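To start, the structure itself, in structure tokens.
Order of the sequence lines fixes the chain letters, A, B, ..., with proteins taken first and strands second; residue numbering starts at 1 for each chain. All values derive from a computational prediction rather than experimental measurement. Heavy atoms only: backbone and side chains are in, while hydrogens, waters and symmetry mates are out.
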There are 2 protein chains.
Amino acid sequence: MPTPERTTLDAIVAAAAEILESEGLGGVTMQAVAQRVGVRAPSLYKRVESRDTLLRLVAEATLREYAVGLDGITDPHRLVDTLRAFGQARPAAFLLVMSPGPGTPVARQEFRDAASASLLGITAELAGEDDALEAARTLTAWATGFVSMEINGAFTLGGDVERAWRFGRDRVVAALRAETELSGSEPTPRPRGTADDSQRSR
Amino acid sequence: MPTPERTTLDAIVAAAAEILESEGLGGVTMQAVAQRVGVRAPSLYKRVESRDTLLRLVAEATLREYAVGLDGITDPHRLVDTLRAFGQARPAAFLLVMSPGPGTPVARQEFRDAASASLLGITAELAGEDDALEAARTLTAWATGFVSMEINGAFTLGGDVERAWRFGRDRVVAALRAETELSGSEPTPRPRGTADDSQRSR
DNA sequence: ACCTGAACACCGTTCAAGT
DNA sequence: ACCTGAACACCGTTCAAGT
């Protein structure tokens, strides 16, 4: 007579994500996850290949949330502001996804692609089709670099971190704008709304 | 009768750094480090408090090398190129230092300060004293974000990564330049040499 | 068909005992 | 004064045995 299932893969991934945030990466043990979903550690291996796979699934679930949250955003300022909000809401998950240290498992490509879809649309319009990929990489690199440093407490030289964020954001976004007076191709230089709080930057 | 010392703290840290690079963070076990320096694992605790401390020492030794390598550089393009070269030479150490994942030990402040000294000098001249800190944070965020993504294999959408590097570097550096026609204070707008390979960017 | 206890190999770390 | 074997607690993972 078959035993009824006492948990699900989704519950396991969700439990791992919660523990990751509250206890850190080291706290995500198979035993801790198992306890949270109400089974014993060996049972987890019915749904998940290994602890590394489980962490990868957490990363991918996080990326899926990012993809949803970023979808439809057309303003580059708002895009990076949203990314930063994700980092502040769940710092450990952000680091796991956006700047995995050495030895941390990495999300599969399809999940990275989904999360960067709206970004590529934005930079295509901002920098022109020819430079869209380069602009997307520049903006992502800056934003994830900044938020990672913020999470890691690397901003210890004083100063106003909020101001540094707006400074970097506004300068980088402006720098990506197609030089319509120089470049040829199809610059699509439609005027777009600026970010909500950019008037405070001096 | 005192037993002669069979190893040193420096040798231990160096061994850990080598294993980190060749075997990854998970390979840096106390036993592996001990074996490499020719003692047993418990002996390491005479010199080092814990594995976490050892990893922190590796991070700080790496930062010290960065500080030396970056010292005296006055051109921002060359500064970030050098940082990227560090990342390519020892990827795992770069990630450990510049984008530690969740749960990785972080270098103490003094070592971070030393490594960012020349950077602050550069951005002061580039962006003006008032925006030096913000400019430094912007440039560091972009550069470490880019190199981390490169190391983590996040650039999978094709395209030319070298071109993306030069694109981002040149745009971001240009964006940090003080708007001398607008800002007041002391802009110190001396002309400076451009990067060696920037002529290849179109 | 899923769940579990027991077991294995392997960690980090401690400590009494050696020299 | 440093080094070591033995031991402890705790991992991830496997598997035969339960239901």
Side-chain angles (χ1 to χ4, degrees), chain A residues 1-60 92 96 100-107, chain B residues 1-60 92 96 100-107:
Chain A
M1 202 172 288
T3 309
E5 308 183 354
R6 241 163 269 188
T7 185
T8 63
L9 179 59
D10 281 356
I12 291 170
V13 173
E18 289 164 20
I19 297 171
L20 171 67
E21 221 56 60
S22 61
E23 311 292 331
L25 190 58
V28 185
T29 66
M30 297 304 267
Q31 325 215 14
V33 173
Q35 185 181 6
R36 188 171 267 251
V37 299
V39 298
R40 302 285 185 170
S43 299
L44 297 180
Y45 292 87
K46 281 282 149 178
R47 334 248 177 212
V48 116
E49 201 178 293
S50 68
R51 178 176 179 270
D52 262 24
T53 308
L54 176 54
L55 289 173
R56 204 200 63 212
L57 292 174
V58 171
E60 293 171 351
L96 182 69
T104 341
V106 161
Chain B
M1 200 173 290
T3 309
E5 308 182 355
R6 240 163 269 186
T7 185
T8 63
L9 179 59
D10 281 355
I12 291 170
V13 173
E18 288 164 20
I19 297 172
L20 172 66
E21 222 54 62
S22 61
E23 310 292 332
L25 190 57
V28 186
T29 68
M30 297 304 266
Q31 325 215 16
V33 173
Q35 186 181 5
R36 187 170 268 248
V37 298
V39 298
R40 301 286 184 168
S43 299
L44 297 180
Y45 292 87
K46 281 282 150 180
R47 333 252 175 207
V48 114
E49 201 178 291
S50 66
R51 178 176 178 269
D52 262 24
T53 308
L54 176 53
L55 290 174
R56 204 199 63 213
L57 292 175
V58 171
E60 291 171 351
L96 182 69
T104 342
V106 161

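- A distance of 10.0 Å separates CG of B:L9 from CG of B:L44, quoted to the nearest 0.5 Å.
- To the nearest 0.5 Å, the span separating CZ on A:R51 from CG on A:L25 amounts to 5.5 Å.
- A straight line from CZ of B:R47 to P of D:dA1 spans 13 Å, rounded to a whole angstrom.
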Fill in: Pairing pattern in dot-bracket form [Watson-Crick, G-U; both distances under 3.5 Å; | = partner strand] for DNA chain D
||.|||||...|||||.||

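- Relative to the side chain of B:R40, the nucleotides C:dT4, D:dC2, D:dG5 differ in distance, and D:dG5 lies closest.
- Contact annotation: B:R6 does not reach the phosphate of C:dT19 (side-chain N/O to OP1 or OP2, under 4.0 Å).
- To the nearest 0.5 angstrom, B:I19 atom CD1 is 8.5 Å from B:Q35 atom CD.
- Distances shown here put a side-chain N or O of B:S43 below 4.0 Å from the OP1 or OP2 atom of D:dT4.
- Remark: A:T104 OG1 to A:L96 CG distance equals 7.0 Å, nearest 0.5 Å.
- The separation between A:L55 atom CG and D:dT13 atom C1' is 15 Å, rounded to whole Å.
- Rounding to whole angstrom units, CG of residue A:L44 and P of C:dC3 are separated by 9 Å.
- A donor-acceptor contact under 3.5 angstrom links the side-chain atoms of B:T3 to the base of D:dC2.
- Using a 4.5 Å cut-off on side-chain heavy atoms (C-beta onward), B:V39 and B:K46 make no contact.
- Checked by atom type and distance alone, the side chain of B:E23 never pairs as donor or acceptor with a backbone atom of B:V28 at under 3.5 Å.
- Remark: A:E60 pairs with A:R56, A:R108 by the salt bridge (Lys or Arg N to Asp or Glu O under 4.0 Å) rule, at least two apart or across chains.
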Worksheet, complete the sentence: Expected string for nucleotides 7-12 of chain D under the B/S/- scheme (protein heavy atoms, under 4.0 Å, primed atoms plus P, OP1, OP2 as sugar-phosphate) is ----SS

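- Note that CE of A:M30 and CD1 of A:I12 are 8.0 Å apart. Values are rounded to the nearest 0.5 Å.
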